[in-house]
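First the structure, in the form of structure tokens, and then the observations on it.
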Amino acid sequence: MLNVDKVEKTYETVRAVDGLSFEARPGEIFGLIGPNGAGKSTTIRMIMNVIAPDSGTIRFDGKAFSEDMKARIGYLPEERGLYKKVKVEDMLLYLAALKGVDRVTARASASRWLERFDLAEWKGRKVEELSKGMAQKVQFIGSVVHDPDLVLFDEPFSGLDPVSQDLLLDAVLDLKRRGKTVLFSTHVMEHAEKLCDRLLLVRKGRELIAGPLAEVKARYGRNAVQVEFDGDASFVEALPCVESVRAFPRWLEVALRGDSRPDELFAALAGRLGVRRFQVMEPSLHSIFVRLVGGDSPEAAEADASGSVPGQGEARRA
Amino acid sequence: MPKLFAIIRHEFKLAAANKAFVILTILGPFLILAITVLPGLLSANPKLSSGGAPIALAGEDPEASAVLGGLADTLGRSIVEVGSDEAALAAAKAGVSSGTYGALVLLKEDWAESGATLYTKTGTDAVLYGAVEKTLDQVARERRIAKSGIDPALARELSRGAELAVIKVGADASEEESDDAGFMTTLFTAMSFVMLIYMTTLLYGQLIGRSVVQEKTSKTVEVMLSSVSARELMFGKILGLGLAGLLQYGVWAAIAMLLSSFVAPALGLAAPPAVSAANLGWLVLFFVLAFFLYASGYAAIGAAAEDEHHLGQLAWPLLVFLIVPLVMISAFVMNPNSALSVALSIFPMTSPIVMLIRILVSPPPVWELALCLGLLVATIYLMASAAAKIFRVGILMTGKRHSFKEMLRWIGAR
């Protein structure tokens, strides 16, 4: 569906994207994840032909980007913007018209989406009257109102309350169910974890890890245990089987060292703490992200070592 | 193409479907009337401007009232004779000052030789001053002739001026009488046209420039460009907003025409000097071309500008091209075929105005006209295309400076 091959982009002295390659396959949700300034937005902008890559190729079904492809693609840019003086429905109809959708179809589609996001009664209001979150949802609708085959969402969840985030999650999963290809970027790992079929973790414009979500978790995840307890747990960190501890007053999140087993920890705790709950956790993408991006992993060190450009961190200027 | 229509439609609606536009469209003609017709109405009709207060006449001349008899008709005011003694004069002067009298004319016994005096409150009432002077002139001359014993008929014959007929020779050897009024009409028409284009540019040029800048500042640009090309967006904006502008001018022109053909005669005003149908056609053609030329120019400037403030700074080179013909207008009318006139009537940035003046004064050769129109249309197209390219590059520049090389690459890119 979408093929990005060895794409590079340098802003002055900043290498924003440094030889990224990936592929979004038909009908899957592909996550482009990474910390702020990793080059996610720059990559998406290059895919959308807003800016040109210095080198590398981007292909859609084997073909280079062209004007007539725009009708099949939906795009939610990181920098949102709608015409303030235009009514919500008119805005959506206009965006649909620009994608070549006829008015009747567009109106039906817009109504459906507005209904879905609880915005039906706002369709006659001007965009400037909407709250930021509502405008955000309208913008999202604008990117899918023409029923595209491929959608690119740049940080689709930012600025939304939890209820709206869930609505959006459902909407994205629905797109996948209907066979659409979704590429989205985020730095919030929960969202990536809930949505992605496959992902690419980017750091400083380079690939850190890539692959199917389950595979990434299996490979880079570590055993973690959550313990809810009464008593003083300060000794836990010093245990030989423990790598690190996130300590809260009444519970702990314990990462186990290497191939230590959870029952080793359980044995060590027994009798010293009043354990109320002991749960072996599946490694979260969040913890993988923090560990890899935090820079203390071999993968991160490798990425840093191989020819970095000074000041890479500021890849993207807002 | 359907995308372009969608953009034109959207931009037209955005510009035309709001209260400010509707109000301006309706009130516009009355504003225009207030600044164009009213001054003419007032100066052409002294009754309206002077308020019609009677003129006081203090004369030691026994025939004083007869002398000013004609004046009453010319000015349409009554003449009130007041006494010529000190007290009466003082009272009459007070009357002038308070506005009871429009003026006081004092004719001494030998006024024809020593001169008369006119007292007014302002000293700037040129119509009154002119009328009184003309009347007194006439009477004084006649009296002197009578005194000298020369036959009045002979005197008139001797002082008659020579006549000069001015004939305009057309391309097809046709001859057409012309006069001072011809020059004034042409100058007036050209002047109105230049002012019209100037005002339009300020109004709609800025509007289009702003609309383009806002596309960037309101961040709608990425969404727009994910659906249409920069070229479609620019052309759509120029055409959509342009149509809104032309609609407004169309409404104004229609109202103005109605006013001049029905209301003006009813008020007893002469209709403005008629412009021939052919010239009117040229006027509309050049107006539309000038309109889109400057609309494209402003779009290009808007594409290059970072914000609205910057837009204002960048706009001055465009304005220069408007101001040059404006200040040189009488030179073009007097010498429509000078090298300068011909050059500026072909150079696209000034040609709509200068060529129209030339057409009004004396029809230029067909090839010059064809060249002018061809260049103008090509320039509009190129300017709008350049606006699209600059817009495309301008987006790359938001937030960071791009190398000149990169910009060139983009201008070269499709």
Side-chain angles (χ1 to χ4, degrees), chain A residues 9-12 14 16 41-42 44-45 47-52 54 65-87 90-91 93-103 106 126-128 139 142-143 145-146 148 151-152 154 314 316-318, chain B residues 1-21 210-211 214-233 236-237 240 388 391-403 405-414:
Chain A
K9 180 76 194 175
T10 304
Y11 291 143
E12 280 167 288
V14 181
S41 289
T42 301
I44 290 181
R45 282 182 173 159
I47 294 171
M48 281 314 297
N49 197 35
V50 174
I51 53 179
D54 296 335
F65 188 88
S66 71
E67 280 297 316
D68 15 310
M69 279 176 194
K70 287 181 174 176
R72 289 178 51 216
I73 304 176
Y75 175 42
L76 177 73
E78 185 196 29
E79 294 197 335
R80 328 279 200 232
L82 299 165
Y83 295 110
K84 292 185 177 57
K85 301 283 176 198
V86 179
K87 288 178 185 159
D90 290 343
M91 184 76 227
L93 294 185
Y94 180 46
L95 289 173
L98 295 181
K99 297 286 193 183
V101 180
D102 69 87
R103 228 173 150 70
K126 285 186 178 169
V127 168
E128 62 188 350
Q139 185 111 44
S143 67
V145 69
H146 59 292
V151 281
L152 293 102
D154 200 350
E314 287 178 277
R316 194 176 40 73
R317 292 205 198 161
Chain B
M1 248 355 195
K3 287 183 185 180
L4 183 61
F5 284 129
I7 301 171
I8 292 173
R9 209 182 107 108
H10 174 82
E11 294 293 339
F12 178 81
K13 251 177 86 176
L14 215 53
N18 64 65
K19 286 190 198 107
F21 182 86
R210 263 208 310 279
S211 164
Q214 274 167 5
E215 204 73 51
K216 289 195 279 185
T217 53
S218 72
K219 296 169 180 170
T220 43
V221 52
E222 281 193 42
V223 172
M224 291 304 292
L225 289 188
S226 75
S227 302
V228 299
S229 65
R231 192 187 187 77
E232 283 169 317
L233 185 60
K237 268 185 186 299
F391 186 66
R392 195 71 185 73
V393 178
I395 293 152
L396 301 173
M397 287 172 63
T398 45
K400 85 169 218 64
R401 293 200 184 284
H402 275 246
S403 70
K405 208 174 106 192
E406 198 171 11
M407 281 169 67
L408 279 183
R409 196 155 69 102
W410 270 103
I411 290 176
R414 217 185 64 78

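Order of the sequence lines sets the chain letters (A, B, ...), proteins ahead of strands, with each chain counted from 1. Note that this is a predicted model, so its numbers are computed, not measured. Computed over heavy atoms, backbone and side chain alike; hydrogens, waters and symmetry mates excluded.
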Can you measure from NZ (K84(A)) to CG (L14(B)) and round to the nearest 0.5 angstrom? 12.0 Å
Mind checking salt bridge (Lys or Arg N to Asp or Glu O under 4.0 Å) for K85(A) and listing every partner two or more places apart, or none if nothing turns up? E128(A)
Value for CG (L76(A)) from OG (S226(B)), rounded to nearest 0.5 Å, stands at 9.5 Å
As an exercise, state the distance from NZ of K87(A) to NZ of K13(B), rounded to the nearest 0.5 Å. 7.5 Å
Looking only at heavy atoms, which two atoms of K3(B) and E67(A) are closest? And how far apart? NZ-O, 4.2 Å
Let me confirm one number: the CG-OG distance from L95(A) to S227(B), rounded to the nearest 0.5 Å. 6.5 Å
With a 4.5 angstrom heavy-atom cut-off, which part of R103(A) approaches chain B: side chain, backbone, both or neither? side chain
Is there a donor-acceptor pair under 3.5 Å between the side chain of R392(B) and the backbone N or O of V50(A)? yes
Side chain / backbone / both / neither for E215(B) at chain A, heavy atoms under 4.5 Å: side chain
Checking K70(A) side chain against L225(B) main chain: does a donor-acceptor pair fall under 3.5 Å? yes
Applying side-chain contact (heavy atoms from CB on, under 4.5 Å) to Q139(A) and V223(B), what does each step give before you reach the verdict? CA-CA 9 Å; Q139(A) 185 111 44; V223(B) 172; 3.2 Å; yes
Does the side chain of E78(A) reach to within under 4.5 Å of the side chain of E222(B), using non-hydrogen atoms? no
Listed by chain and number, what are the ring-ring contact (aromatic ring centres under 6.0 Å, His included) partners of Y94(A), not counting sequence neighbours? H10(B)
Chain B contacts, top residue of G100(A), S143(A), P77(A) (heavy-atom pairs, under 4.5 Å): P77(A)
